[in-house]
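Values below: all heavy atoms of this structure, side chains included; hydrogens, waters and symmetry mates excluded.
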Amino acid sequence: GIVYMADAVGTQTEALVIRGLSVGVPVRRVVRLESLTGVVVGLSLAAVALPVVAQDLGASPMQASWVLLSYMLVTTALIPVFGRLADLFGRRRLYMTGLALLTLASVGCALASDAPTLLAFRCLQALGAASVITNTTALIVDAFPARMLGVGLGLNSTISAAAQSVALERELESGVK
């Protein structure tokens, strides 16, 4: 959670505490990381946190809009491409590569110190997300026998919806408006 602490000169500051250990991460960067990560929650939570992130980075209204638009545009354009690449190079390999890129780009989003850097990492994030989105259902189809396929797809949808709900609730509780 977030606690308020006094530094050496008595100024009250926010600190992120994970399992009782204070970590030196600015709270706004944590909000940015939580808000701009994940395939399922990446777009909706970015919209929720966008005003805070834009203000924190000094982004213009146009740049703030592109934080969302770049993700949607890149993801939408690349899903068909990654479908074909998965056929050529394998679903699992493309999925794992996309997941790694998505994770690294999410960290980049959290560490971005200006709007252009955030936009670049959002595009990389979308590149990874497109690979993950393209291959998730295909991997589930491969993993479950035909008689259990409905269960597998249902679990995926349920977990995705639950993750989005929990993440959105956390964002709203953290004061992002």
Side-chain angles (χ1 to χ4, degrees), residues 25 29-50 52-54 57 59 62-172 176:
V25 179
R29 288 194 192 272
V30 172
V31 169
R32 202 178 313 150
L33 177 62
E34 286 184 354
S35 302
L36 299 177
T37 58
V39 176
V40 174
V41 296
L43 190 57
S44 61
L45 289 182
V48 171
L50 187 59
V52 172
V53 172
L57 297 178
M62 180 69 75
Q63 289 172 320
S65 294
W66 275 101
V67 169
L68 301 177
L69 293 174
S70 63
Y71 186 91
M72 289 186 287
L73 180 64
V74 171
T75 303
T76 302
L78 291 179
I79 285 175
V81 174
F82 283 129
R84 180 64 181 138
L85 290 175
D87 292 339
L88 295 173
F89 300 108
R91 293 178 182 134
R92 185 178 188 282
R93 176 182 294 159
L94 204 61
Y95 179 90
M96 296 305 289
T97 301
L99 187 60
L101 179 60
L102 175 64
T103 302
L104 292 173
S106 297
V107 171
C109 287
L111 298 175
S113 59
D114 57 34
T117 303
L118 176 62
L119 289 172
F121 279 114
R122 279 294 279 176
C123 289
L124 288 173
Q125 198 179 39
L127 183 73
S131 181
V132 171
I133 291 167
T134 301
N135 290 290
T136 299
T137 301
L139 287 170
I140 291 170
V141 169
D142 289 347
F144 284 85
R147 63 182 176 75
M148 296 294 294
L149 184 56
V151 172
L153 293 171
L155 283 171
N156 182 56
S157 297
T158 301
I159 291 168
S160 296
Q164 189 168 10
S165 296
V166 168
L168 182 58
E169 181 180 337
R170 287 185 64 205
E171 289 300 317
L172 294 175
V176 177

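- Note that OH of Tyr71 is 10.0 Å distant from OG1 of Thr76, once rounded to the nearest 0.5 Å.
- Looking at Thr103, its side chain does come within 3.5 Å of a backbone N or O of Leu99 through a donor-acceptor pair.
- Taken from OG1 in Thr97 to CG in Asn135, the straight-line distance is 10.0 Å, to the nearest 0.5 Å.
- Pairs engaging residues 95-106 under the salt bridge (Lys or Arg N to Asp or Glu O under 4.0 Å) rule: none recorded [sequence neighbours left out].
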| Worked verdict on Val107 versus Leu111 for side chain to side chain contact (heavy atoms under 4.5 Å, CB included) | CA-CA 6 Å; Val107 171; Leu111 298 175; 3.8 Å; yes
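- Here Cys123 contributes atom SG and Leu69 contributes atom CG; the two are 10.5 Å apart, rounded to the nearest 0.5 Å.
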Sequence neighbours left out, cut at 3.5 Å: what donor-acceptor pairs do the side chains of residues 145-156 make with other protein atoms?
none

| Going through the distances and angles, do Trp66 and Leu73 end up as a side chain to side chain contact (heavy atoms under 4.5 Å, CB included)? | CA-CA 10 Å; Trp66 275 101; Leu73 180 64; 4.3 Å; yes
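- At least one side-chain heavy atom of Leu57 sits less than 4.5 Å from a side-chain heavy atom of Val53.
- The nearest pair of heavy atoms linking Ala129 to Thr75 is CB-OG1, 4.5 Å.
- Counting all heavy atoms, side chain and backbone alike, Ala126 lies closest to Ser70 at CB-O, 4.4 Å.
- The CG atom of Leu119 sits 9.0 Å away from the CG atom of Asp114 when rounded to the nearest 0.5 Å.
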N/O donor-acceptor pairs under 3.5 Å from side chains in residues 77-96, not counting sequence neighbours:
from	atom 1	to	atom 2	distance (Å)
Arg91	NH1	Asp142	OD1	3.0
Arg91	NH1	Asp142	OD2	2.6

